[in-house]
Amino acid sequence: MTIDRDALKRWFCREVLPLEPVLTAFIRRHWRAADERVDIRQDVYEKVLAGAREALPLQAGPYVFTVARNVMINRIRRSRVISIETVANIEELAPTADWLTPHRHADGRDQLKRVEQGLERLPPRCREVVRLRKVEGLSTRETADRLGIGKDAVEQQITLGMRALTDFMLGGKGRISRGPARRTERYDPEADDVSR
Amino acid sequence: MSRAEPIEQAAAEWLMRRDEAGWSAEDEAALTAWLDESAAHEAAFWRLEFGYGEIDRLQAFPAMHVAAEDAPRRAVWPRALAASIALLAVGIGTAQFAEGGAGAWLRERWDSLGTQPVEYSTKGGQISSIALIDGTQVDLNANSSIRVVVSGRRRELWVDRGEVFFDVAKDRTRPFVIHADKNVVTVLGTKFFVGKSGDKVTLSVVEGKVRLDRDPSFKAKPFVLTRGEVARVVGRTASIEMADVDAIQDGLSWRYGMAHFENATLADVAKQFNRYNERKIVVGRDYEAMRVGGNFRLGNIDGFLRIMKNEYGIDSQASEDKVILGNP
């Protein structure tokens, strides 16, 4: 018998999401290609949920980081561009004790401050749309009218804004992403130097 | 090509659409189907839903930023919250049910309830569980008093005094609205607790979401509380803290006739027992400040005295009208 969806969701939000800052740092430390890190993190979440569906792990931390390690190792194995150095680094992935640091969601007031900070980081137009729609509680139509833009534009800004805000709340930088980031760094043994 | 990007974008769009008016049952089914497709969809959706939930917090009242002292991280409920007698009162219609047909009775109640609030109250030593006509369950602790209006069009309740636990039946067409002092709690979810003592109001959420609107003269924005959150309002000041849901539920053990104490003074424990019993407990001066903990049946004084003797080594002298704990 598997866990029901509500219980799984509660577990995920309560036990796994607070680990995101540490998980992100973990992935960043061990995976050079910056544009792939978000994919890796989502992969980790997907496999965490698939596994937890059978039975909730007693401790989320060790479980999540074991999955993360395995996801990265499997990616390396499937990738055709491998450097011996990268592989060696991955295989050395010691299970980090980072998860032992209590990472409960911050208390109400801290979280509030964090949401406000997150909002501040949004580009002005996006911030205004989110503020009118979500904080002031205007409808999409009213927001569009107020700002003199189309309903579609409002919807686009909301999705971008909420994604950036969620990133920030979960310990990230909270920057808007409009699609796959440009390749920034990857170690390619075929090349003479590291391409940027 | 990033795999996560389109999934995250899709999840964001789902969340945004769900927020719009006109979200239908078909939409809900389509969302469930999309979530069913893959754990990756679930992860992306729940993650962003968390973000959405966070921004709901921004509908906060200004007073929150000047809340007096730092609220403790863990909500501790030293109050005794139970009595040994649980009265199950199913509305005031229980007696009337026998008369006339059930259908006629229901119809009559439905129509008449729309106008006059019906009052329910409990005395000391009494807890009461009430089933409202819409399927909502309301549990009253001792010395509590509420007024309720449930009609085809609205569901409204006033907590006049005491402590009440709610398990609200979902009905989007009729939000459940609760008044406590000048605050208004609008229920968007299911299980939560409201306590009122004078102008002190406590709201804690076990499951679901509730919206809290303060005294309108404060011109504060409404605030949405979710599972595990406790709001304490005293006049102008309000604070929110995260509590362990288990701790909140411990504080609700009165619903089952038990009281839960965690590091409470013996004086406080005795005070709670005395709310529910004719036989009063008097605590010897030297023992008043002593800290005890555990689960007790408040109707069972003898059991309590036995525990005091066995676990804490405190003797007692019982007479007909009182019990002296420790040296007199």
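The figures that follow rest on heavy atoms only: side chains count, while hydrogens, waters and symmetry mates do not. By convention in this document, chain letters (A, B, ...) are assigned in the order of the sequence lines, proteins followed by strands, and residues within each chain are numbered from 1.
- Looking at heavy atoms from C-beta onward, A:E20 lies in side-chain contact with B:R47 at the 4.5 angstrom threshold.
- The pair A:K9-B:E42 does not count as a salt bridge, with every side-chain nitrogen at least 4.0 angstrom from each carboxylate oxygen.
- Residues A:V38 and B:E5 form no side-chain contact, since every pair of their non-hydrogen atoms from C-beta on lies 4.5 Å or further apart.
- The residues A:R133 and B:E20 are annotated as salt-bridged, a charged nitrogen and a carboxylate oxygen being separated by less than 4.0 angstrom.
- A distance of 5.0 Å separates CG in A:L170 from CZ in B:F50, rounded to the nearest 0.5 Å.
- Between atom CZ of residue A:F12 and atom CZ of residue B:F45 there is a gap of 12.5 Å, rounded to the nearest 0.5 Å.
- Side-chain contact between B:T32 and A:R5 is present, with at least one heavy-atom pair separated by less than 4.5 Å.
- Judged purely by atom type and a 3.5 angstrom limit, A:D39 uses its side chain to pair as donor or acceptor with the backbone of B:A4.
- With a 4.5 angstrom heavy-atom cutoff, A:I40 does not touch chain B via any of its atoms.
- Inter-residue side-chain proximity for B:L15 and A:M162 is flagged as unmet; no heavy-atom pair is nearer than 4.5 Å.
- Only the side chain of B:R227 comes within contact range of chain A, judged by heavy atoms closer than 4.5 Å.
- Neither the backbone nor the side chain of B:L225 comes within less than 4.5 Å of any heavy atom in chain A.
- Contacts between A:R41 and chain B at a heavy-atom distance below 4.5 Å involve the side chain alone, from C-beta outward.
- To the nearest 0.5 Å, the span separating CD on B:E49 from CG on A:L17 amounts to 10.5 Å.
- You'll find the side chain of A:Q42 stays beyond 4.5 Å of the side chain of B:I7, heavy atoms only.
- One finds no salt bridge joining B:E13 and A:R163 here, because no Lys/Arg side-chain nitrogen approaches an Asp/Glu carboxylate oxygen to under 4.0 Å.
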